[in-house]
Amino acid sequence: SKPIDFDGLSKLNLNDIQSITSVDISKNDLKIEEVNIIIKELTLSDLIYEVSYKETSDYFSIIIKEADLIENIFINNNVWIKENLIIENLISKNNYTLIKDNVESDIKIIKNIYKSKGFQNILVTAKVERFSQDRVNLIYDIQEGKQQKINVIKFVGNTFFSNNYLNSIIKSQSIKFYNIFKSGSNLNYSTFEFDKNIIISKYRNDGFADVKVSYALEKSSLNNNILYFYIEEGERLKINNLVYDFEDDDLSKSITQLSLQLEKEVNKNNFYYNSDLIEEYLEIYNLKLLSNNIYNKVIDVNISNKNE
């Protein structure tokens, strides 16, 4: 047990330190467990940038590096991404306190911005330079590496939709797809996830309720980036019956002709379920009610999955 000493204080004083920690720093018989608590609590404070510790035979010594204000933020070596785009997305801001956790978050943000543009091997480091006694410039150095693009997109397992159709509905584009002058999409996993959900939605729209889609990015022997979409279509659902459950006979009469048309459309589609067709006629039905001056009724649809 021994007292504690604080070194490096300039803007802060001992009262400030005491307000940050729950341990009584005036005690002369502090134990190492209490010192660890003090260090942990100081580290969590936005007022303190860095904490280090040493111990002598007479006292514990905590060396504090106080947080400075940010005067300027600079982005170095960025070629592909404009400085303004990076800075406006950072957590750290001019005239705000320099906080270590924010700097670490900023590094992740910068990497994510570059990854969205196809830079997978981006390296970002942060450093500070003294601007004045209590202000610093925050500098992010970037090594962009090589921008990567999708060379080829392949679909595996699809029989209902053609490759050309699936290529036309997704955002990702390959360099070799249709037009040799296309530049190809950047490697962006959030876009791949969006494309996966688009494919799932299109299949479900046509009755493939249990469709499963996954993707993988692979390198070819020629070092090309190949994006694979693996599709398990599953069974396609059919419409077993169209049931009109109206308590009001006037409603039934008003859409009789339309109901016959819908049944013909369903029959033409071999009774396979198609949500666009259902939604189209649902809208037509309700417009028909309005045209017959029926304003207090609405026709809705409920889909019951009975034995698939």
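More than 12 heavy atoms of other residues, nucleotides or ligands shown are found within 6.0 angstrom of CG on N112. Residue E88 qualifies as enclosed at atom CD: its count of foreign heavy atoms under 6.0 Å is above 12. Applying the 6.0 Å contact sphere to CD of E283 captures no more than 12 heavy atoms from other residues, nucleotides or ligands. Within a 6.0 Å sphere centred on NZ of K93, heavy atoms belonging to other residues, nucleotides or ligands number more than 12. Sparse packing is recorded around CD of Q143, with 12 or fewer heavy atoms of other residues, nucleotides or ligands lying under 6.0 Å away. Heavy-atom contacts from other residues, nucleotides or ligands closer than 6.0 Å to OH of Y96 number 12 or fewer. Other residues, nucleotides and ligands contribute at most 12 non-hydrogen atoms within 6.0 Å of the NZ atom of K108.
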Open item on the list: Run the salt bridge (Lys or Arg N to Asp or Glu O under 4.0 Å) test on K127 and D141 for me, step by step, so that the C-alpha distance in whole Å, both residues' side-chain angles and the decisive distance to 0.1 Å come before the verdict.
Closed with: CA-CA 8 Å; K127 62 183 179 181; D141 282 319; 3.5 Å; yes

query = Would T125 and I139 satisfy side-chain contact (heavy atoms from CB on, under 4.5 Å), going step by step from the backbone distance to the final call?
reply = CA-CA 8 Å; T125 57; I139 304 167; over 6 Å; no

Show your reasoning for whether side-chain contact (heavy atoms from CB on, under 4.5 Å) applies to K202 and N205. CA-CA 5 Å; K202 289 296 182 181; N205 178 69; 5.6 Å; no

- Message: Does I239 form a side-chain contact (heavy atoms from CB on, under 4.5 Å) with Y272? I'd like the steps, not just the answer.
- Response: CA-CA 6 Å; I239 295 176; Y272 284 115; over 6 Å; no

Q.
Run Y295 and N293 through side chain to side chain donor-acceptor pair (under 3.5 Å) and show every step you take.
A. CA-CA 6 Å; Y295 300 105; N293 297 318; 3.2 Å; yes

Worked check of side-chain contact (heavy atoms from CB on, under 4.5 Å) between I142 and N76
CA-CA 6 Å; I142 298 174; N76 287 346; over 6 Å; no

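Using a 4.5 Å cut-off on side-chain heavy atoms (C-beta onward), K212 and I231 make no contact. Looking at V51 and I63, their side chains never come closer than 4.5 Å, going by heavy atoms from C-beta outward. Residues L258 and K288 meet the side-chain proximity criterion, which asks for heavy atoms closer than 4.5 Å. Under the 4.5 Å side-chain criterion, counting only non-hydrogen atoms from C-beta, I48 is in contact with L12. No side-chain heavy atom of Y49 sits under 4.5 Å from any side-chain heavy atom of T97. The closest side-chain heavy-atom distance from S19 to I17 is not below 4.5 Å. A heavy-atom distance below 4.5 Å is found between the side chains of E265 and Y281. Residues I199 and I170 are in side-chain contact: their nearest non-hydrogen atoms beyond the backbone lie under 4.5 Å apart.
Between the side chains of Y165 and N163, no donor N or O sits under 3.5 Å from an acceptor N or O. A donor-acceptor contact under 3.5 angstrom links the side chains of S22 and E41, judged on distance only. For the residue pair N225 and K219, a side-chain donor N or O sits within less than 3.5 Å of a side-chain acceptor on the partner. Residues S92 and N102 have side chains that never bring a donor and an acceptor to within less than 3.5 angstrom of each other. Judged by distance alone, the side chains of Y230 and E232 never bring a donor and an acceptor atom under 3.5 Å apart. A donor-acceptor contact closer than 3.5 angstrom links the side chains of D24 and S26.
Aromatic ring centres of Y228 and Y215 lie farther apart than the 6.0 Å criterion allows. Note: Y140 and F74 fail the aromatic proximity criterion, with ring centroids not under 6.0 Å apart.
Follow the hydrophobic side-chain contacts under 4.5 Å out from I25 and you reach Y53 in the same cluster. Linking Ile, Leu, Val, Met, Phe, Trp and Tyr residues whenever their side-chain heavy atoms come within less than 4.5 Å places I200 and Y203 in a single cluster. In the hydrophobic clustering of this structure, V124 groups with V79; members are Ile, Leu, Val, Met, Phe, Trp, Tyr whose side-chain heavy atoms approach within less than 4.5 Å, directly or through other members. L289 is not connected to V298 by any chain of hydrophobic side-chain contacts under 4.5 Å among Ile, Leu, Val, Met, Phe, Trp and Tyr, and they are in different clusters. Residues L9 and L44 are members of separate hydrophobic clusters, defined by side-chain heavy-atom contacts under 4.5 angstrom among Ile, Leu, Val, Met, Phe, Trp and Tyr.
At least one test fails for K154 against the ring of F229: distance under 6.0 Å to the centre or angle within 45° of the axis.
Among residues at least two apart or in separate chains, salt bridge (Lys or Arg N to Asp or Glu O under 4.0 Å) pairs with a member in residues 66-83 are K11-E66, K11-D68, D68-R130, E71-R135.
For the pair D206 and R236, the salt-bridge criterion is met [side-chain N within less than 4.0 Å of a carboxylate O]. A salt bridge links K196 to E193: one of the charged nitrogens lies within less than 4.0 Å of a carboxylate oxygen.
The line from CD of E33 to CD1 of I38 is 11.5 Å long, rounded to the nearest 0.5 Å. If you take CD1 on I299 and CD1 on I255, they are separated by 4.0 Å, rounding to the nearest 0.5 Å. Taking NZ from K100 and CG from D46, the interatomic distance works out to 13.5 Å, rounded to the nearest 0.5 Å. Once rounded to the nearest 0.5 Å, the distance linking NZ of K264 with NZ of K268 reads 9.0 Å. One distance of note links OG of S190 with CG of D195; it measures 9.5 Å at 0.5 Å rounding. From L69, atom CG reaches atom CG of D134 across 5.5 Å, with rounding to the nearest 0.5 Å.
Partners of Y285 according to the side chain to side chain donor-acceptor pair (under 3.5 Å) rule, which considers only residues two or more places apart in sequence or in another chain, are Y244. Applying the ring pair (Phe, Tyr, Trp, His ring centres under 6.0 Å) criterion to Y59, with sequence neighbours excluded, gives no partner residue.
Of the possible donor and acceptor atoms, one in the side chain of E144 sits under 3.5 Å from a partner among the backbone N and O of W80. At distances below 3.5 Å, not a single donor-acceptor pair connects side-chain atoms of D106 with backbone N or O atoms of L90. Between the side chain of D16 and the backbone N or O of N13, at least one donor-acceptor pair lies under 3.5 Å. Listed for the N274 side chain is a donor-acceptor partner under 3.5 Å among the backbone atoms of D276.
Residues V213 and V211 approach most closely at CG2-CG2, 4.2 Å, considering heavy atoms. Taking each heavy atom of I153 and I150 in turn, the nearest pair found is CG1-CG2, 3.7 Å. The two residues N270 and K238 have their closest heavy-atom pair at O-CE, 3.5 Å. The two residues D58 and P3 have their closest heavy-atom pair at O-CD, 3.5 Å. Nearest heavy-atom pair across A126 and I107 is CB-CD1, 4.2 Å. The two residues E263 and L242 come nearest to each other via the heavy atoms CG-CD1, 3.7 Å.
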